[in-house]
Novice: 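Take a look at the following structure, please.
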Amino acid sequence: MPLRYRIVSFSPADLAAPEVLLGDASGLIATALAKPAIQQWSALLQHLISAGAQSLLIQQGVRDPDFIEEHDAFYSKQQRAVPRVCVRVHAFSCPAPIATADADPAQLVLDYIDAAAAQADCYLGFATLRPLRHAPVGATIVVDTPQAPAICKDNFPVHIAGASFEVQGTPYLQQDNAVGACAQASIWMALRTLRRRAGNSAYSPAELTVAATKYTALNRVFPGRQGLTVAQMLEAIRSTSHDPLVISISAPPTPADPAVAIEKAQPYIESGLPVVTLLMNPNTGGHVVVGIGLTPAPHQSTNPTGLIIHNDNQGPYLHLPRTAAAGTNDYALDQTVCLMVPLPDGVFMSAAEALPQAIVALDFWLPAFVAAPLQGNIQLPPLVTRTYLCTRHAFREWAKECAELDDGARVIYRTAELPKFVWVVEVHDANEYRPGEPNHMSRLGEVVLDAAADALHGDALVFFRLTQSMLPVPTTSPGLLGIDDGSVVALAKGDRMAGLAEPWKQV
């Protein structure tokens, strides 16, 4: 019986000829009429080098469920036999073993796998290679890097020859321009990231195409080269039990304001919700990518310079800048037409509605927190807000673990009845705010809102917590906690504290 696994060394030298490694791993080679598409594969290899990969484990005969769906829907109908199985390439930070002449190849592979499983952070993820010359990179999950940090990600278990691994990353997929185009690939990446948290099925690109064209098909369903309209994309997302929110940014040919695009996307990305981003490149036309992080990392600036994206026709963990370099056809944020967020079912309030609700609560209660009447307006210290969506469990877990939180507030936060999802608007000292550093003590208070509330009628408030550091004058107590029943509790502590750095991790 032939051995399904093979180990190869991997180094920066392999980046010079990515087609050689692709052909060696998958058997996809150039013919007189067609060459393998290598741009995404090349970008993936460059990313793995940045992540510290030193060896690759090539696994043959993988029945990838996403490609099986694609095969059944399209490729099985062709005269030329297209295999149903794929190749999976696993990346490791440990070096490949040195084989001796008398070594048993199977035992060498198993020893390598077992040794890697015993090392923390040795496993860097996998790439699935489909038997398609024009679109080899299938379902892929690899770690992010400090140079391209993702916020929207999850932990995915991987099992290899009886050994268990885990990779934390954002799923990536190259469009095949037959079963699906960039819209389906981006939706797939967003939904697969959220699958475990949402408790939904794993929808394949083929299933998303069928769902998108169920009621409105402007052309043939397969091959799906013409892409999807916004209405079809919404239908595809709704079919997966998500409630898509569309945020308009610009009307081409008028360029978008990159700062607005970042401002609208940031609360959702910080909530761990991938943002499907529709672009209109003035030279190459429409395209869809998925925003998964902020550029630079959030702790480096409160005003990110761009987004970290998965781009199905270029590669994973790429930077989407505010504007494209002169004389290029690159994608950029000033090409943004709209954003599409796959919200969990039952979230009726948007981030744009949550922030004004919080500001109204702060404006009303901060003057009442002053110890003595003052003449004139109060000049507040510089404050900044951070808005994100999380579950009640994530909020309660933060309250449980935060040592600086007042004990009275902790008891109420952990025992009070809460809605399933809440918007949390953290209030930070603007001079100290570093959202990418979870242990940095810049959080002064928060407003908690019911994400299922009707924002129009002002019935969203669940809690607000004020502390003495939010005002430049003496306050009635070190802290003040307001509850949705109208009661107010004086707190004995008003210490600065850390925020909830990764809401997605606890959802």
Novice: Quick one: does Y413's side chain get under 4.5 Å of L418's, heavy atoms only?
Specialist: no
Novice: Looking at Q175, Q184, Q40, which one forms a side chain to side chain donor-acceptor pair (under 3.5 Å) with D312?
Specialist: Q175
Novice: Mind checking the CH2-OG1 spacing from W423 to T387? Nearest 0.5 Å is all I need.
Specialist: 7.5 Å
Novice: Quick check on D121: does its CG atom have over 12 non-hydrogen neighbours (other residues, nucleotides or ligands) under 6.0 Å away?
Specialist: no
Novice: What orientation do Y317 and H310 show, parallel under 30°, tilted 30 to 60°, or perpendicular over 60°?
Specialist: perpendicular
Novice: Quick one: which residue pairs count as a salt bridge (charged side-chain N to carboxylate O under 4.0 Å, His left out) with a foot in residues 418-430, not counting sequence neighbours?
Specialist: R386-E426, E426-R443, D429-R496
Novice: Any sub-3.5 Å donor-acceptor pair from H47's side-chain atoms to V143's backbone N or O?
Specialist: yes
Novice: Verify side-chain contact (heavy atoms from CB on, under 4.5 Å) between E446 and V425, making sure each step is shown before the conclusion.
Specialist: CA-CA 5 Å; E446 65 278 330; V425 180; over 6 Å; no
Novice: Looking only at side chains, do D66 and W188 share a donor and an acceptor under 3.5 Å apart?
Specialist: yes
Novice: Between L307 and L294, is any pair of side-chain heavy atoms under 4.5 Å apart?
Specialist: yes
Novice: With under 30° as parallel and over 60° as perpendicular, where do the rings of Y433 and H428 fit, or are they tilted in between?
Specialist: tilted
Novice: Sub-3.5 Å donor-acceptor pair from the side chain of D406 to the main-chain atoms of K493, do we have one?
Specialist: yes
Novice: Is L234 close to M340 at the side-chain level, that is, under 4.5 Å between some pair of heavy atoms?
Specialist: yes
Novice: Taking R396 for the side chain and T415 for the main chain, is one N or O donor matched with an acceptor at less than 3.5 Å?
Specialist: no
Novice: Would you check if the side chain of S487 reaches a backbone N or O of I483 as a donor-acceptor pair within less than 3.5 Å?
Specialist: no
Novice: Heavy-atom distance under 4.5 Å between the side chains of T391 and F421, does that happen here?
Specialist: yes
Novice: Measure the shortest side-chain to side-chain distance between Y172 and V142 over non-hydrogen atoms and say whether it is less than 4.5 angstrom.
Specialist: no
Novice: Can you find a pair of side-chain heavy atoms, one from F395 and one from L500, that are under 4.5 Å apart?
Specialist: no
Novice: Check whether any side-chain heavy atom of F67 lies under 4.5 Å from a side-chain heavy atom of T128, and answer yes or no.
Specialist: no
Novice: Would you please classify the geometry between the F92 ring and the Y112 ring as parallel, tilted or perpendicular, with 30° and 60° separating the classes?
Specialist: perpendicular
Novice: Indicate, with yes or no, if the rings of H159 and F165 have centres closer together than 6.0 Å.
Specialist: no
Novice: Look up atom CZ in R392 and atom CG in D450, then write down how far apart they are to the nearest 0.5 Å.
Specialist: 10.5 Å
Novice: Does any donor atom in the side chain of Q266 or E270 lie under 3.5 Å from an acceptor atom in the other side chain?
Specialist: yes
Novice: Can you see which heavy atom on L173 is nearest to which on A139, and at what distance?
Specialist: CD1-N, 3.6 Å
Novice: State the CZ-CG distance between F369 and L362, to the nearest 0.5 angstrom.
Specialist: 12.0 Å
Novice: Taking it one step at a time, do F348 and D454 satisfy side-chain contact (heavy atoms from CB on, under 4.5 Å)?
Specialist: CA-CA 7 Å; F348 301 141; D454 182 359; over 6 Å; no
Novice: Check whether T475 reaches the backbone of P478 with its side chain - one donor and one acceptor, N or O, closer than 3.5 Å.
Specialist: no
Novice: In plain terms, say whether R195 and D154 are close enough for a salt bridge, that is, a side-chain N and a carboxylate O under 4.0 Å apart.
Specialist: no
Novice: Heavy-atom distance under 4.5 Å between the side chains of T140 and F126, does that happen here?
Specialist: no
Novice: Side chain to side chain donor-acceptor pair (under 3.5 Å) with E432: which residues, sequence neighbours excluded?
Specialist: H440
